[in-house]
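Please read these numbers as outputs of a predicted model, since none were measured by experiment. This chain uses plain numbering: 1 for the first residue, then up along the sequence.
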Amino acid sequence: MSDGKIANSLFFENSEMDRSAVESQVSNALQGADDGELFLEYRQSEAFSFDDGRLKSASFDTTQGFGLRTVCGEATGFAHASELSERAVENAATTVRAVTGGRSGSIALAPPAVNKSLYSDENPLSDIPFDTKVKLLGEMDAYARSKDSRVVQVSASLAGSWQVVEIIRTGGERSGDIRPLVRLNVSVVVEKDGRRESGSFGTGGRTGYDMYLEESTWKHAVDEAIRQAVVNLDSIDAPAGEMPVIVGPGWPGIILHEAVGHGLEGDFNRKKTSVFSGLIGERVAAPGVTVVDDGTIPDRRGSLTVDDEGTASSCTTLIEDGILVGYMQDRQNARLMGVEPTGNGRRESFSHLPLPRMTNTYMLGGDKDPAEILGSVKKGLYAINFGGGQVDITSGKFVFSCTEAYMIEDGKLTAPVKGATLIGTGSEALKKVRAVGNDMALDSGIGTCGKAGQSVPVGVGQPTMLLDGLTVGGTAS
């Protein structure tokens with residue numbers, strides 16, 4: 001069944017709505033507005049949690065609804081409902097029309113149509129039996145315990161969703177997307193001589209469950225979680241002070257996402273609340289640093305065939321060779337800033353307004369061998385995995401905690417350390433980049449980004465990167 005047939009079946013054939021009548025309601029609601037749309041959503045989601053040898057929880061949920069938005073300049077009218085009916089749409093139209101107030105605007109053109117999809121439209125939740133999913137988590141638990149006798153606790157989880165969206169604009173212009181999403185996680189606790197440490201690993205993407213049921217995939221996840229936990233058993237307290245820091249490839253790109261990415265979103269820059277406001281064409285990073293936001297990578301967690309306003313995803317260059325060249329834009333902020341939207345208008349659900357958000361944000365690889373980068377540091381810190389962090393968008397100041405890090409002494413990795421935090425300012429940190437590796441990697445598919453109370457799936461990535469003189473907060477006395 002084609003994308004259009006699936007959407008028509010879910011939103012019109014099986015509801016109290018006639019398509020032509022709803023399209024007419026939308027056109028009337030947006031009369032005099034600059035922009036706006038009806039966003040229809042249907043979502044199925046499920047989650048399984050396995051803890052210490054037993055199924056702890058299992059859930060399945062179905063949600064549906066619509067959000068109707070009218071945009072006039074900087075003002076927005078928005079109404080949403082979980083009821084799919086012409087009456088509910090008309091009530092919402094009455095609410096959002098108040099924003100136009102008799103204003104005679106010129107409605108923006110709809111985004112160009114897209115004839116491709118970056119992922120399968122098959123529903124992953126319907127393909128694999130319940131028992132198979134529970135068995136997978138049980139096998140992960142048993143394998144972890146047999147792999148290492150020091151494992152004393154295992155938690156594993158599996159989650160999936162299938163989202164269908166359709167965006168309807170004035171004149172019946174419409175676009176849509178069908179989005180699968182799966183994630184597998186495992187965490188372990190190991191114990192040795194009374195000391196306990198933990199490790200975790202996750203993977204996911206816009207695919208079905210099949211690849212995560214493969215033994216090689218889930219065993220790799222368990223092996224990596226155990227490896228991290230065992231490394232931490234031998235960790236020492238981290239030193240504190242300013243020192244060279246090497247940040248590893250892949251998931252450590254979360255620092256780039258938080259400390260720099262949010263500051264490059266259009267709304268913060270239009271309102272001039274970002275440290276990067278007004279700096280297009282200026283140097284904001286060291287030469288060799290190029291950062292992009294790319295929503296077009298097939299099957300990746302942060303990818304989108306079209307965003308939640310119907311704009312095709314794109315690969316947007318944000319920083320090129322250290323020079324700021326662009327921001328991530330939704331339709332409203334792009335129009336107000338006099339630029340084109342970049343396919344970054346995203347929302348958590350039908351009950352939320354779209355905002356400029358990241359998709360897959362990463363730094364391009366350089367020309368340095370990672371071993372050469374390591375060998376160039378006499379004394380410093382090598383950080384390869386991160387947990388929580390805090391960032392102030394206005395100033396760009398960040399604090400990130402390392403879950404796996406090592407001391408560097410005479411160009412070699414020595415003792416693992418615990419309690420290390422990286423402290424700095426995003427724009428200043430990028431100017432301290434002294435070497436960029438040729439090993440760019442994306443994360444394993446676990447990112448979730450929060451903004452204005454909304455959460456959306458994202459991807460991050462980067463190559464090995466040397467920063468000269470970053471502040472490290474440590475626990476060593």
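Between Phe78 and His352, the ring centre distance reaches or exceeds 6.0 Å. Centroid-to-centroid, the aromatic rings of Phe130 and Phe48 come within less than 6.0 Å.
Residues Asn438 and Asp367 form no side-chain contact, since every pair of their non-hydrogen atoms from C-beta on lies 4.5 Å or further apart. Using a 4.5 Å heavy-atom cutoff, the side chains of Met407 and Val417 are in contact. Residues Ile319 and Thr290 have side chains not in contact (no heavy-atom distance under 4.5 Å, counting atoms from C-beta outward).
Side chains of Asp293 and Tyr327: no donor on one and acceptor on the other come within 3.5 Å. In this structure, a donor-acceptor pair under 3.5 Å is present between the side chains of Asp51 and Ser155. Looking at Glu409 and Thr414, their side chains do bring a donor and an acceptor atom within 3.5 Å of each other. In summary, the side chains of Ser235 and Arg195 do present a donor paired with an acceptor at a separation below 3.5 Å, with no hydrogens or angles considered.
The existence of a salt bridge linking Arg145 and Asp141 is confirmed by a sub-4.0 Å separation between a basic side-chain nitrogen and an acidic carboxylate oxygen. Glu46 has a carboxylate O that lies under 4.0 Å from a charged side-chain N of Lys133, or vice versa, which qualifies the two as a salt bridge. Residues Lys418 and Asp234 are not paired through a salt bridge, judged by the lack of any N-O separation under 4.0 Å between the basic side chain and the carboxylate. Of the charged side-chain nitrogens involved, none lies within less than 4.0 Å of a carboxylate oxygen, so that Arg346 and Glu309 do not count as a salt-bridged pair. Look at Arg331 and Asp307 and you find no salt bridge, because none of the NZ, NE, NH1 or NH2 atoms lies under 4.0 Å from a carboxylate O.
Atom-to-atom distance recorded for Ile246:CD1 and Ser376:OG is 6.0 Å, nearest 0.5 angstrom.
Remark: Arg179 is not positioned above the aromatic ring of Tyr119, lacking an NZ or CZ atom under 6.0 angstrom from the ring centre and at most 45 degrees off the axis.
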